[in-house]
Amino acid sequence: MDTGTHVVMGVALGGLATLSATIANDPLLPTSVMIATIIGSQAPDFDTVLKLRNNAVYIRNHRGITHSVPAIFIWPLLITSGILMITPETNWSIVLLWSFIAVFLHVFVDIFNAYGTQALRPFSNKWIALGIINIFDPFIFFSHLVAFGIWGLGLAPPGPTILLLYFVLIGYYIWRIWEKQRVVNHAKKLHPDASHVFVSPTIRWNQWHVVIRTPEIMFVTESRNHQIEYFEQYSFDPIPDIPVINEARKDPNLSAFLSFSPSYRWEVEDKENDITEVRFVDLRYRSKGHYPFVAIVQLDGDLNILSSYTGWVFSEETLQKKLNIVTE
């Protein structure tokens, strides 16, 4: 989820914790727990700092080790240790518990995005991405704000208010799972030979990006109001074992792209000055006729890598500028 949603989830958990009489009646614990849940709800995304290095490192590692099984236990220990340094008299076991709940909830809800996480690492490096909830979901975010308003105006105590909110959100998640399955079932009905149906949610409840892969063709479509609209189709061509592709795959940018994207097309194009360009395009994120998530590698006649880029670009002009910057 986006940063704002994780923040409101952290505040909500701090309010939910007041259901415990031990916390509610302690002069220090409500504040300590609130700090712990807010930080815990953000901690797994501290790897955003990897953007300062480059997109390849960020894409390959974001929501990786910081969202892993060991991290779910390490983050609460770090958070609790920091809080105890400031308020050593606070009940550390309760702070640790709510820190853990906040970190776990962060990782858990991220699984429902199209991006997903490596939540089972180190047991598995597979990306778990259920593609059910958009990275920013207005209902989830604003329902939290409504609950905070009820809480802040004194219309109801925080604990029961947040508990009711969570029951509503559980129902919302169940409904979204059901809606996604309807989209998948519809796509498979239209294409019984489909081997994969990749579904990505949008900010609109009734609209989903859908890529249908059959043994021979990939269909780029959109499901809106349970009607599938076709945009483009591409032949499904496995990545060939040829020298130019093999060299390009050694580049960190393309390697990062392939570690993340399950649905793409590729092409090799000869450019001016004896330059060959290898381009991979993620088909899941079509926007206004454009595919913004790409990986590009440019090689010379001897297959030396001249420049490369992976990330989000919304025009060919911008992409070329980024490639030129790499080579300067």
Side-chain angles (χ1 to χ4, degrees), residues 1-53 57-58 61-113 117-123 128 140-141 144-145 147-152 154 156-166 169-170:
M1 305 299 289
D2 68 297
T3 299
T5 300
H6 283 306
V7 169
V8 297
M9 285 184 170
V11 175
L13 284 176
L16 183 67
T18 61
L19 285 172
S20 166
T22 302
I23 295 175
N25 297 324
D26 188 286
L28 287 176
L29 270 178
T31 300
S32 297
V33 169
M34 180 65 78
I35 293 172
T37 55
I38 292 175
I39 296 176
S41 293
Q42 294 296 318
D45 279 348
F46 288 166
D47 61 1
T48 302
V49 71
L50 294 172
K51 279 188 175 181
L52 298 176
R53 292 189 61 185
V57 173
Y58 175 71
N61 294 284
H62 181 51
R63 296 191 182 182
I65 193 169
T66 59
H67 291 62
S68 64
V69 173
I72 290 176
F73 296 96
I74 293 172
W75 285 122
L77 290 171
L78 294 175
I79 293 166
T80 303
S81 298
I83 291 175
L84 288 177
M85 290 177 64
I86 302 172
T87 56
E89 63 273 28
T90 197
N91 188 320
W92 67 268
S93 61
I94 291 179
V95 173
L96 180 65
L97 171 64
W98 283 94
S99 299
F100 173 81
I101 292 172
V103 172
F104 177 84
L105 184 63
H106 176 122
V107 175
F108 179 72
V109 298
D110 276 355
I111 290 171
F112 290 87
N113 301 149
T117 75
Q118 289 179 306
L120 296 179
R121 192 170 171 179
F123 305 105
I128 305 173
I140 294 174
F141 182 79
H144 276 81
L145 296 188
F148 296 161
I150 294 171
W151 166 8
T161 301
I162 300 304
L163 185 61
L164 176 60
L165 168 67
Y166 277 21
L169 290 178
I170 289 171

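For reference, positions follow the sequence shown, starting with 1. Hydrogens, waters and symmetry mates play no part in the numbers below; they use all other heavy atoms, side chains included.
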If we only count heavy atoms from C-beta on, is the [X] to [Y] side-chain gap below 4.5 Å?
X      : Y      : answer
Val11  : His144 : no
Pro44  : Val103 : yes
Pro158 : Thr161 : no
Ile72  : Val107 : yes
Arg121 : His67  : no

When rounded to the nearest 0.5 angstrom, what is the spacing between [atom1] in [X] and [atom2] in [Y]?
X      : Y      : atom1 : atom2 : result
Tyr166 : Leu163 : OH    : CG    : 10.0 Å
Asn25  : Thr18  : CG    : OG1   : 10.5 Å
Ser99  : Leu78  : OG    : CG    : 10.0 Å
Ile170 : Leu165 : CD1   : CG    : 10.0 Å
Leu96  : Ile101 : CG    : CD1   : 10.0 Å
Trp98  : Ile83  : CH2   : CD1   : 13.5 Å

Taking [X] for the side chain and [Y] for the main chain, is one N or O donor matched with an acceptor at less than 3.5 Å?
X      : Y      : value
Gln42  : Thr3   : yes
Ser32  : Leu29  : no
Thr117 : Ala119 : yes
Thr5   : Met1   : no
Ser20  : Ala17  : no

Looking only at heavy atoms, what is the nearest atom pair of [X] and [Y], with distance?
X      : Y      : answer
Leu16  : Gly159 : CD1-O, 4.0 Å
Ala71  : Thr66  : CB-O, 3.4 Å
Phe148 : Ile162 : CE2-CD1, 4.1 Å

Would you indicate whether Phe108, at its atom CZ, is surrounded by more than 12 heavy atoms from other residues, nucleotides or ligands within a distance under 6.0 Å?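 Check fails, neighbour count at 12 or below.
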Do Asp2 and His6 pair up side chain to side chain, a donor and an acceptor below 3.5 Å, judged on atom types alone?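 Note: Asp2 and His6 side chains miss the donor-acceptor criterion.
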Mind checking what makes ring-ring contact (aromatic ring centres under 6.0 Å, His included) contact with Phe104, not counting sequence neighbours?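 Result, ring-ring contact (aromatic ring centres under 6.0 Å, His included) vs Phe104: none returned.
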Show your working on side chain to side chain contact (heavy atoms under 4.5 Å, CB included) between Val95 and Phe100 and close with a plain yes or no. CA-CA 9 Å; Val95 173; Phe100 173 81; over 6 Å; no
Classify the angle between the aromatic ring planes of Phe46 and Trp75 as parallel (below 30°), tilted (30 to 60°) or perpendicular (above 60°).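 Ring orientation of Phe46 relative to Trp75: perpendicular.
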What verdict does the side chain to side chain contact (heavy atoms under 4.5 Å, CB included) test give for Met9 and Ile140, after you've listed the backbone C-alpha separation in whole Å, the side-chain angles of each residue and the deciding distance to 0.1 Å? CA-CA 9 Å; Met9 285 184 170; Ile140 294 174; 4.0 Å; yes
Step by step, would you call Leu84 with Glu89 a side chain to side chain contact (heavy atoms under 4.5 Å, CB included)? CA-CA 7 Å; Leu84 288 177; Glu89 63 273 28; over 6 Å; no
